[in-house]
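These numbers were taken from a predicted model, which means no experiment stands behind them. In what follows, residues are counted from 1 in the order of the sequence shown.
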Amino acid sequence: MKHLALIVTAGLMSSCGVVGAPVAPETVGVTPTIESQKRQHEAQTAQQRETAAKSEEPDPALLDQDELLPPLRPVGTR
């Protein structure tokens, strides 16, 4: 019986407490994730702008049109 109590006590003692170094609250949660995603999105859009500026070739689908047409479903009208 003493052995069982010792095993249970040792198991409870090892499972209590925090393992590892403390983590700053600024690095955990939704806000840091959103900020990192915004930075990634800004970097991607900047890269796309650079590649679009470098390639000045017109779109082959638009070469046959005389003017750019408005979208089929205008926004904000009924």
Mind checking side chain to side chain contact (heavy atoms under 4.5 Å, CB included) for V28 and listing every partner two or more places apart, or none if nothing turns up?
V23
Euclidean distance, I7 CD1 relative to H3 NE2, rounded to 0.5 Å
8.0 Å
Using distance only, find each side-chain donor-acceptor pair of residues 30-43 under 3.5 Å and give its atom names and separation, not counting sequence neighbours.
residue: T33; atom: OG1; partner: G29; partner atom: O; Å: 3.1
residue: S36; atom: OG; partner: P32; partner atom: O; Å: 3.4
residue: S36; atom: OG; partner: T33; partner atom: O; Å: 2.8

